[in-house]
2 protein chains.
Amino acid sequence: MKIYRYPTKDTWADLIERPVLKQEEISGIIKEIFQEVAKNGDRALIEFNKRFDKAETGSIAVTPSEIEEAENRISDDLKQAIREARENIAQFHAAQDQEIRKIETTRGVVCWRENRAVEKVGIYIPGGTAPLFSTVLMLAVPANLAGCKEIILCTPPDKNGKINPAILYAAKICGVSRIFKTGGAQAIAAMSLGTESIPEVYKIFGPGNQFVVAAKEYAQRFGVAIDMPAGPSEVLVIADENAVPEFCAADLLSQAEHGNDSQVIFITTDLEVFNETIEAVDRQLKDLPRNEMASKSLENSSFILTDTIDAAMEFSNLYAPEHLILAIENFDQYTAQVRNAGSVFLGNYSCESAGDYASGTNHTLPTNGFAKNYSGVSLDSFVKKITFQHLSREGLQNLGKTIELMAEAEGLFAHKNAVSIRLRS
Amino acid sequence: MKIYRYPTKDTWADLIERPVLKQEEISGIIKEIFQEVAKNGDRALIEFNKRFDKAETGSIAVTPSEIEEAENRISDDLKQAIREARENIAQFHAAQDQEIRKIETTRGVVCWRENRAVEKVGIYIPGGTAPLFSTVLMLAVPANLAGCKEIILCTPPDKNGKINPAILYAAKICGVSRIFKTGGAQAIAAMSLGTESIPEVYKIFGPGNQFVVAAKEYAQRFGVAIDMPAGPSEVLVIADENAVPEFCAADLLSQAEHGNDSQVIFITTDLEVFNETIEAVDRQLKDLPRNEMASKSLENSSFILTDTIDAAMEFSNLYAPEHLILAIENFDQYTAQVRNAGSVFLGNYSCESAGDYASGTNHTLPTNGFAKNYSGVSLDSFVKKITFQHLSREGLQNLGKTIELMAEAEGLFAHKNAVSIRLRS
């Protein structure tokens with residue numbers, strides 16, 4: 001834990017520094033994996049499952065009976081919870097759809113945009129320490145709402161060649177077309193290039209380790225789009241004197257348990273809240289199953305005292321956190337000041353977990369400062385917005401001279417001629 | 001020109017093949033240019049101007065008097081045309097703004113999105129054979145509408161160290177904050193890293209040659225976002241028996257004159273329209289100042305006869321053209337079939353030039369098949385959509401159990417605890 005009391009502005013640049021990500025030279029490995037998948041298809045994936053996941057997988061595709069079995073293996077309570085989360089996520093993302101607005105910019109010249117789904121999308125769900133079925137919801141629900149025709153999902157099998165049942169259940173009820181047992185860079189290669197079982201897709205979504213991240217970057221050479229660049233998860237909490245230290249501590253820890261490299265920043269104007277939150281973090285940490293991971297990530301965390309909430313907001317905008325919690329009584333007065341953040345949680349009862357799972361907002365958000373230039377995943381991420389225009393004869397007469405003048409000034413006479421020839425006719 | 005009469009579907013995959021882009025190994029050069037700019041800043045840019053553009057530029061920044069002088073050097077007619085285009089572009093892009101919708105997904109749980117401008121954006125305008133002041137409009141107008149605080153523009157100087165006056169005029173009236181005389185990969189490096197004169201930006205927009213394209217790709221390593229991946233410009237025209245061959249030919253040529261590598265495809269169901277369009281292309285080509293470039297690009301163009309408009313639409317969706325012209329009488333019946341395209345032009349009077357310059361739609365569009373997974377530039381490109389949520393105490397009571405169940409099933413107990421501790425309080 002790093003403690004900063006009233007740091008002056010000239011020190012802020014250091015405080016917002018993220019730990020430098022190890023840029024290990026793995027591009028050679030990634031290239032080899034892509035080549036192997038291109039050459040041997042499914043056979044390569046089965047082999048990688050053996051090598052990397054110690055799993056025997058006869059077939060890459062998950063069968064309907066495996067999905068049925070999974071459904072029986074999870075509790076009714078959890079199923080009900082997953083369905084409730086799905087409804088909220090669907091509700092919020094459906095509201096992001098924009099009605100078509102036809103604009104007559106000049107008399108007889110009508111322009112508008114229409115959404116069209118990205119036809120084929122791939123979702124990657126990592127294996128590892130947590131079975132992220134919530135990420136299935138966050139990606140498959142908007143894909144389905146957008147009307148994507150083919151929604152496939154890749155995730156690594158466990159040692160018994162199985163997929164976590166909650167992942168299968170979430171995939172099933174969110175309209176995923178097909179599920180495949182393959183993980184890591186090879187899963188990204190398969191979705192980019194296609195194999196006998198796995199269709200190639202136009203856009204790949206989802207989190208992953210450094211190999212997955214590097215593979216998603218590499219996949220773009222094959223014309224595949226990705227959701228966004230990746231980095232470790234982060235939260236920044238701003239608290240005033242009305243914040244509850246126990247709540248703030250719980251939120252900081254829920255971020256810290258994500259991984260060793262998670263980023264946690266706490267800023268308050270109140271000395272008592274400051275001290276009590278630090279104490280509460282220490283106290284709560286002891287009871288956490290993942291306390292080793294959380295402790296590690298807390299080593300890099302910053303606890304900052306500032307004079308004013310305005311200063312805290314300014315600091316936050318410089319840092320551009322993935323998650324921003326405003327544990328401030330009159331948060332309404334401060335939302336307009338938020339310029340760079342992925343998702344914002346307002347007041348004492350809006351914990352980050354709510355958005356991580358079930359409130360309806362998406363949890364796939366820009367990290368590592370990318371909140372300055374990227375949005376989180378939304379319905380928009382699964383559609384293209386295509387512009388349409390219709391000019392009547394009258395419309396072209398009204399606008400033609402302008403187009404001719406501009407085309408001529410750019411020296412593009414065929415552009416001009418496309419207008420002139422119509423005006424003459 | 002390649003002629004295909006009623007090609008069977010099994011041959012389509014070959015017909016939609018784009019010419020393979022020369023992937024020359026220029027990454028070494030790009031890296032050196034970035035290093036040079038990082039080390040020597042403005043001095044490096046002045047030196048590159050000498051070396052690459054044969055230009056002496058005492059200072060990199062364009063001065064107010066240069067802008068004033070430019071304004072006097074272009075005709076009132078052109079100024080009026082540029083202002084009219086600006087109004088239409090502003091009208092159409094302003095209509096893309098979405099009002100804030102607060103959604104109560106569960107009683108007491110309210111979620112919404114708010115737009116925030118990308119604070120600093122950079123626009124690149126190439127030099128070369130055409131002074132693309134229209135691209136200044138297409139990028140600066142939505143940047144300004146979005147509320148970007150810093151909108152800078154880089155463009156290479158001519159041999160006299162000057163910038164084309166129409167570019168300066170367009171930049172001035174569209175709210176560009178500052179203009180700099182630097183081009184190529186070094187301009188992209190300067191906007192990514194910053195120099196004494198040029199501020200670093202969060203997102204870079206605009207077209208360019210292979211060095212600029214490679215530099216934009218490289219810039220992403222420094223956390224900078226870019227508008228979209230690039231490729232040669234394209235048009236696909238679908239015509240029925242009511243299309244006007246002279247018009248179709250003019251549209252095809254206006255695409256072909258862009259460059260040697262421009263892609264042009266013509267598809268019709270009518271034999272007469274087919275033959276007459278080919279003749280009209282030959283005839284019109286002769287009178288074009290840029291006919292050498294257009295001829296070259298026509299060598300790779302395809303003229304295709306199909307049985308039905310439906311088949312033509314299917315072909316177009318496979319190809320995913322940047323520009324799609326539907327020179328079809330009852331185009332309304334076909335717009336729903338458009339699944340992959342950048343921008344669509346409907347009927348006999350909606351020439352591509354209209355959208356290139358002045359109708360209001362954006363001309364920065366996905367090429368090279370990227371219309372399958374990317375949208376063109378719009379107001380959205382200049383904002384982040386930040387999600388906000390507020391849970392009341394009651395809201396968390398209603399949703400808490402669901403969050404706890406899901407967090408526990410993912411093995412993330414600190415996430416669960418952030419809810420439990422609040423429910424207990």
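The model shown is predicted, which means the values in this text are computed figures rather than measured ones. To find a chain, count down the sequence lines: A is the first, B the second, and so on, and within it residues start at 1.
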Requested in this report: Report yes if some heavy atom in the side chain of His390(A) is under 4.5 Å from a heavy atom in the side chain of Thr335(B); otherwise report no.
Outcome: no
The interface call for Ala256(B) against chain A, heavy-atom contacts under 4.5 Å, is neither
May I ask you to decide if Arg339(A)'s main-chain N or O and Lys384(B)'s side chain share a donor-acceptor pair within less than 3.5 Å? yes
### Message
With heavy-atom distances below 4.5 Å as the criterion, would you say the side chains of Glu410(A) and Phe133(B) are in contact?
### Response
yes
Item checked: Minimum side-chain heavy-atom gap Glu84(B)-Leu399(A) below 4.5 Å -> yes
If one checks every heavy atom of Gln389(B) against chain A at 4.5 Å, the contacting part turns out to be both
Query raised in the report: With side chains defined as the heavy atoms from C-beta onward, is the minimum distance between Ile421(B) and Gln284(A) less than 4.5 Å?
Result: yes
Answer key: most heavy-atom pairs under 4.5 Å with chain A among Lys385(B), Glu87(B), Glu99(B) is Lys385(B)
Smallest heavy-atom separation, Ala225(B) atom then Asn373(A) atom, equals N-ND2, 3.5 Å
Under 4.5 Å to a heavy atom of chain A? For Asn398(B) that would be backbone
Greatest number of non-hydrogen atom pairs under 4.5 angstrom with chain B, of Ala294(A), Gly369(A), Ala409(A), falls to Ala409(A)
So, the part of Glu246(A) with a heavy atom under 4.5 Å from chain B: the answer is both
Cut-off 4.5 Å, heavy atoms of chain B, and the answer for Leu412(A) is both
Under 4.5 Å to a heavy atom of chain A? For Leu396(B) that would be side chain
When the 4.5 angstrom heavy-atom criterion is applied to Leu391(B) and chain A, the contacting part is both
Ranking Leu132(B), Val383(B), Asp77(B) by heavy-atom pairs under 4.5 Å to chain A gives rank one to Leu132(B)
Turns out that what part of Phe382(A) lies under 4.5 Å from chain B's heavy atoms comes down to neither
Of Ala166(A), Ala117(A), Pro366(A), Ala354(A), the largest count of non-hydrogen pairs under 4.5 angstrom with chain B goes to Ala354(A)
For Gln98(A) and Asp97(B) the tightest heavy-atom approach is NE2-O, 3.5 Å
So, the part of Asp332(A) with a heavy atom under 4.5 Å from chain B: the answer is neither
Cut-off 4.5 Å, heavy atoms of chain B, and the answer for Leu288(A) is side chain
query: Within the distance-only criterion (no hydrogens, no angle test), does the side chain of Glu257(B) pair as donor or acceptor with the backbone N or O of His415(A) below 3.5 angstrom?
result: yes
With chain A, the option among Ile103(B), Val121(B), Asn317(B) that has the most non-hydrogen atom pairs under 4.5 Å is Ile103(B)
Assert top hit (heavy-atom pairs under 4.5 Å, partner chain B, pool Val110(A), Leu405(A), Ile386(A)) equals Ile386(A)
Cut-off 4.5 Å, heavy atoms of chain A, and the answer for Lys149(B) is side chain
Under 4.5 Å to a heavy atom of chain B? For Asn348(A) that would be backbone
In terms of heavy-atom contacts, Ala85(B) and Met406(A) come closest through CB-SD, 3.7 Å
If you tally heavy-atom pairs under 4.5 Å between each of Tyr374(B), Phe345(B), Phe247(B) and chain A, the highest tally belongs to Phe247(B)
Exercise. So, do Ser350(B) and Phe388(A) sit near enough that their side-chain heavy atoms are less than 4.5 Å apart?
Worked result: no
If one checks every heavy atom of Phe370(B) against chain A at 4.5 Å, the contacting part turns out to be side chain
- Would you indicate whether Glu217(B), at its atom CD, is surrounded by more than 12 heavy atoms from other residues, nucleotides or ligands within a distance under 6.0 Å? no
Looking only at Ala250(A), Ala95(A), Gly223(A), Ser359(A), the option with the highest number of non-hydrogen pairs under 4.5 Å against chain B is Ser359(A)
Given Ser75(A), Gly360(A), Gly342(A), the one with more heavy-atom pairs under 4.5 angstrom with chain B than any other is Gly342(A)
Q: State, yes or no, whether a side-chain contact exists between Lys203(A) and Lys372(B) at a heavy-atom distance under 4.5 Å.
A: no
The interface call for Val338(A) against chain B, heavy-atom contacts under 4.5 Å, is both
Heavy-atom closest pair (Val419(A) atom, Ser353(B) atom, distance to 0.1 Å) is CG2-CB, 4.1 Å
Applying a strict 4.5 Å limit to non-hydrogen atoms, the region of Leu137(A) in contact with chain B is side chain
Of all heavy-atom pairs linking Ala81(B) and Thr402(A), the shortest is O-CG2, 3.5 Å
| Do other residues, nucleotides or ligands put more than 12 heavy atoms under 6.0 Å from Glu114(B) CD? | yes
Next on the checklist: What verdict does the side-chain hydrogen bond (donor to acceptor under 3.5 Å, both in side chains) test give for Thr106(A) and Asn88(B), after you've listed the backbone C-alpha separation in whole Å, the side-chain angles of each residue and the deciding distance to 0.1 Å?
Outcome noted: CA-CA 7 Å; Thr106(A) 291; Asn88(B) 284 354; 2.9 Å; yes
*Do Phe92(A) and Arg113(B) come close enough that some side-chain heavy atom pair is under 4.5 Å?*
yes
Counting heavy-atom pairs under 4.5 Å with chain B, the top scorer among Gly347(A), Gly355(A), Gly376(A) is Gly355(A)
Point to revise | Side-chain touch Cys351(A)/Arg422(B), heavy atoms, less than 4.5 angstrom | key: yes
So, the part of Gln96(A) with a heavy atom under 4.5 Å from chain B: the answer is both
Whatever's closer than 4.5 Å to a heavy atom in chain B on Val224(A) counts as backbone
Heavy atoms of Ala407(A) and Tyr357(B) approach each other most closely as CA-OH, 3.4 Å
Cut-off 4.5 Å, heavy atoms of chain B, and the answer for Asp356(A) is side chain
